[in-house]
There are 2 protein chains.
Amino acid sequence: MTATVPHPRQHAGERLLTPGEVATLFRVDPKTVTRWATAGRIGSIRTPGGHRRFRESEVKTLLAELTTEATEPVRNA
Amino acid sequence: MTATVPHPRQHAGERLLTPGEVATLFRVDPKTVTRWATAGRIGSIRTPGGHRRFRESEVKTLLAELTTEATEPVRNA
DNA sequence: AGTCAGTGGGGTAATTAGGGAG
DNA sequence: CCTGTCCTAATTACCCCACTGA
């Protein structure tokens with residue numbers, strides 16, 4: 001396991017995700033998530049130790065923006 | 001879980017946070033917050049019994065300083 | 001007096017950061 | 001241009017038990 005369970009008790013639903021969790025959501029390597037943060041494509045919060053945390057809301061929004069639905073119906077349905 | 005909510009009305013300007021509460025803000029383990037205090041990365045106040053408390057204003061400031069917003073637009077959006 | 005979540009201290013595994021080469 | 005992997009070092013997470021604090 002990585003950490004504690006999700007917190008229902010945060011500021012304003014400001015849950016944070018670890019690089020590994022974000023990597024799982026996008027099905028990529030955690031290293032890639034780090035590069036996104038370095039490139040400024042996704043906001044990040046650094047711990048005093050240097051590790052990164054990501055806003056869950058931002059990650060979800062990003063996922064939604066990059067999601068494309070099928071526009072043509074299946075011909076054999 | 002680490003931080004519960006039972007809380008005394010800490011009136012006055014300076015509200016104090018428990019290690020568990022600070023840990024929640026940074027999405028880390030309460031033990032990690034303790035190490036930050038030991039390493040001098042964050043100021044702490046010790047109770048006569050040895051437990052630590054952190055200044056909310058200092059924590060918030062630190063959190064804000066370590067926060068980076070996304071600057072580059074998403075390619076596929 | 002007694003309960004009990006939270007904390008401290010110590011020690012060991014798991015993640016992460018960073019650079020670099022493919 | 002972007003990503004996954006290898007490496008080392010640093011940071012963090014989870015385990016124990018004893019004590020604090022409300």
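Everything quoted here is computed from the prediction, not taken from an experiment. Residue numbering restarts at 1 for every chain, and letters A, B, ... go by the order of the sequence lines.
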Could you list the donor-acceptor pairs under 3.5 angstrom formed by side chains in residues 34-46 of chain B, with sequence neighbours left out?
from, atom 1, to, atom 2, distance (Å)
B:Thr34, OG1, B:Pro30, O, 3.4
B:Arg35, NH1, B:Thr32, OG1, 3.2
B:Thr38, OG1, B:Thr34, O, 3.0
B:Arg41, NH1, A:Pro48, O, 3.3
B:Arg46, NE, B:Gly50, O, 3.2
B:Arg46, NH2, B:Gly50, O, 3.0

## Note on the structure
When rounded to whole Å, the CG to C1' distance for the pair A:Leu17 and D:dT12 reads 17 Å

#### Entry: B:Leu66 CG - C:dT16 P separation (whole Å)
18 Å

### Query
Would you say C:dT16 has OP1 or OP2 under 4.0 Å from some side-chain N or O of A:Thr34?
no

### Query
Could you walk me through whether A:Leu16 and A:Phe54 pass the side-chain contact (heavy atoms from CB on, under 4.5 Å) check?
CA-CA 5 Å; A:Leu16 299 180; A:Phe54 304 92; over 6 Å; no

#### Entry: Nearest-0.5 Å distance that lies between atom CG in A:Leu25 and atom NZ in A:Lys60
8.5 Å

### Query
With a 4.0 Å cut-off, would you call B:Arg27 and A:Glu21 a salt bridge?
yes

### Query
Can you check the B:Asp29 CG to C:dT12 P distance for me, whole Å?
18 Å

### Query
Any chance the side chains of A:Glu14 and A:Ser57 put a donor and an acceptor closer than 3.5 Å?
no

### Query
Has B:Arg53 got a side-chain N or O lying under 4.0 Å from the OP1 or OP2 atom of D:dG21?
no

### Task
Using a cut-off of strictly less than 4.0 Å, decide whether A:Trp36 has a side-chain nitrogen or oxygen near OP1 or OP2 of D:dC2.
no

### Task
Round to the nearest Å and state the distance from A:Arg35 atom CZ to D:dC1 atom C1'.
11 Å

### Message
If I take atom CD in residue A:Glu21 and atom P in nucleotide D:dT12, what distance separates them, rounded to the nearest angstrom?
### Response
16 Å

### Message
Nearest whole Å is fine: how far is D:dT3 P from A:Arg27 CZ?
### Response
15 Å

### Task
Kindly say if A:Arg52 contacts the phosphate of C:dG18, meaning a side-chain N or O under 4.0 Å from OP1 or OP2.
yes

### Interatomic distance where NZ belongs to A:Lys31 and P belongs to C:dT16 [whole Å]
12 Å

### Query
To the nearest 0.5 Å, how far apart are OG1 in A:Thr61 and CD in A:Glu56?
10.0 Å

### Message
The test is side-chain contact (heavy atoms from CB on, under 4.5 Å); show your working for B:Thr47 and B:Arg53 and say whether it passes.
### Response
CA-CA 8 Å; B:Thr47 66; B:Arg53 296 288 118 94; 4.2 Å; yes

All N/O contacts under 3.5 Å from nucleotides 18-20 of chain D to the protein, with atom names and distances to one decimal?
none

### Message
Can you measure A:Leu16 atom CG to C:dT16 atom P for me and round it to whole angstrom units?
### Response
14 Å

